[in-house]
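First the structure, in the form of structure tokens, and then the observations on it.
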Amino acid sequence: MSALVPSAVREIADGYAFTGPALDLGAVLLDGTAYADAPVRVPLAVLNRHGLVAGATGTGKTKTLQLIAEQLSAQGVPVFLADIKGDVSGVAAPGEPGERTAARAAEVGQDWRPQGCPAEFYALGGLGSGIPLRATVTSFGPLLLSKVLDLNETQESSLGLVFHYADRNGLELYDLKDLTAVITFLTSPEGKEELKGIGGISAATAGVILRSLTLLENEGAGAFFGEPEFDTAELLRTADGGAGVVSVLELPAVQDRPRLFSTFLMWLLADLYQELPEVGDLDRPKLVFFFDEAHLLFKGASKAFLEAITQTVRLIRSKGVGIFFVTQTPKDVPADVLAQLGNRVQHALRAFTPDDAKALKATVSTFPKSPAYDLAEVLTSLGTGEAVVTVLSEKGAPTPVAATRLRAPQSLMGPIGPAVLQAAVDGSALAGKYRDAIDRESAYEKLAARAARPEAEPVPAPAPAGGAEPARERAPERERAPERSAGRAQESGGLLGSLMSNPALKSFARSAGTQLGREISRSLFGTSRRRR
């Protein structure tokens, strides 16, 4: 390092002198000058300790995600990106050289070369040009669906009872019409009789849930629920050359349904948590997941939902998955979740109003003390593409706070053209697996057939533990999607604690007995487990 580098910069740079594989974020910035020989880096091994990328609109958060994603991919780590505004697809194409890019590269000591990443493009239920991502209603679970439908605790409790009745009685909930059919049945005289002793659903509550489901269906979101269900193992793939695949979820088509896409992202995480084995700390993560517009996930969330999020974030790191929440200020993230985010990239904040000033003060308080900076001043004076950084060292200790001029992404800083995007989707090996929807026999058909019989017979009991499901056995092989058990999660031990706080489910569990308790148990968020 040059003798002209200030001692404060030297001290900061020493905190980022890692020996193992790391990502290069940029160069230390002090008093408006970037010091190219004082790099700011983050070790690959600590990225499963999660992180936060925050900052006001227009400060460069999206480009920071792109910078991190392309470096992870280059080092063999798969990445998941939620593309809210439609401007992340450029990660798949080489960047365009220019004077500004060359100047930035020189300032931070970057050997800039245009390079794209192997990428897959997805869309929720086909609402967009990407490969359709779907989930069955039963695997989505009652807690997540309650969040999408904006239900209160009483309504959430009743929805949980509906799921467990369907699980117990072999009524597969693949799409919204299946769930509607079961709710309608359980509020009929015959259905009410079957629920005696284990709780019930009031007509008013059922009406609220049914109206919410109808509204969701009318908004087009019903296309997301169904089969073939997406296998989250697809997110862990690497390309032929060893680079990690960047999975880009295109979301502009559902921007007006923020509760749906934020809750869906949580379903992906919950499913990954359930399916991945424990691996402890690795030299690099299996997947890094960027949760954009994170404030939407927490807004209006119930206590049970927040507890499940906190538990997921805390435990999923031992599965080798790192999560970065992306939002405007740290106060958008609950304290229990924020405390688990070891890596921080904070872009500029505004201080135009009293609320802005309060948010600025709260943000400064979440950083380690810094002798080199007045953080309140720095955070309001950072330019686009600059950020305050602190990460975990290889020993797990926080690094010194570093104002940083960030590197320029080597991939295209903007969206690829629609024709190029469509060609990428059409050429994907996953298109044939997920593009066409499947509608198999499930709760809707079974209840309709039962109602058509002169003398209604009992709903068929579920298959014995370890036995095959008759409906799935009858389905032709070409129609079999990546399957979930319809709530018969014998592998899970007991009801999810957050669900058990519901009075109706407490009564249900008391009367059901040990065997039934195993049949209806679900995992995090009440999601069902995948049957391999």
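Given the structure is predicted, the values throughout are model-derived calculations rather than measurements. Positions are given from 1 along the sequence.
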Hey, can you pull the donor-acceptor pairs under 3.5 Å for the side chains in residues 97-110, sequence neighbours left out?
| residue | atom | partner | partner atom | Å |
| --- | --- | --- | --- | --- |
| R104 | NH1 | G385 | O | 3.2 |
| R104 | NH1 | L406 | O | 2.8 |
| Q110 | OE1 | A408 | N | 3.1 |
| Q110 | NE2 | A408 | O | 2.9 |

Query raised in the report: L215: what forms a side chain to side chain contact (heavy atoms under 4.5 Å, CB included) with it, not counting sequence neighbours?
Result: E219
Query raised in the report: For residues 365-383, which residue pairs qualify under side chain to side chain donor-acceptor pair (under 3.5 Å), counting only residues two or more places apart or in two chains?
Result: R344-T366
Requested in this report: Please name all residues satisfying side chain to side chain contact (heavy atoms under 4.5 Å, CB included) with D150, sequence neighbours left out, ordered by chain then number.
Outcome: R259
Report task. Go through the structure and list residues passing salt bridge (charged side-chain N to carboxylate O under 4.0 Å, His left out) with D332, not counting sequence neighbours. Result -> none
Report summary line: For D175, the salt bridge (charged side-chain N to carboxylate O under 4.0 Å, His left out) test, sequence neighbours excluded, returns K177
Which side-chain N or O atoms in residues 115-129 pair as donor and acceptor under 3.5 Å with protein atoms at least two apart or in another chain?
| residue | atom | partner | partner atom | Å |
| --- | --- | --- | --- | --- |
| E120 | OE1 | S428 | OG | 2.8 |
| E120 | OE2 | R237 | NH2 | 2.9 |
| E120 | OE2 | S428 | OG | 3.2 |

Report summary line: Those residues at least two apart in sequence (or on a different chain) that pass side chain to side chain contact (heavy atoms under 4.5 Å, CB included) with K331 are T329, A359
Query - Under the side-chain hydrogen bond (donor to acceptor under 3.5 Å, both in side chains) test, residues paired with S7 that sit two or more places apart - result: none
Expected list for residues 49-61: side-chain donor-acceptor pairs under 3.5 angstrom, two or more places apart:
| residue | atom | partner | partner atom | Å |
| --- | --- | --- | --- | --- |
| R49 | NH2 | D281 | OD2 | 3.3 |
| H50 | ND1 | I323 | N | 3.0 |
| H50 | NE2 | V313 | O | 2.7 |
| T57 | OG1 | Q328 | NE2 | 3.1 |
| T59 | OG1 | A56 | O | 2.7 |
| K61 | NZ | G55 | O | 2.8 |
| K61 | NZ | A56 | O | 3.4 |

Query - With E394 via side chain to side chain contact (heavy atoms under 4.5 Å, CB included) - residues at least two apart - result: F18, T19, P43
Requested in this report: Return the set of residues passing salt bridge (charged side-chain N to carboxylate O under 4.0 Å, His left out) with R134 (not counting sequence neighbours), or none when no residue passes.
Outcome: none
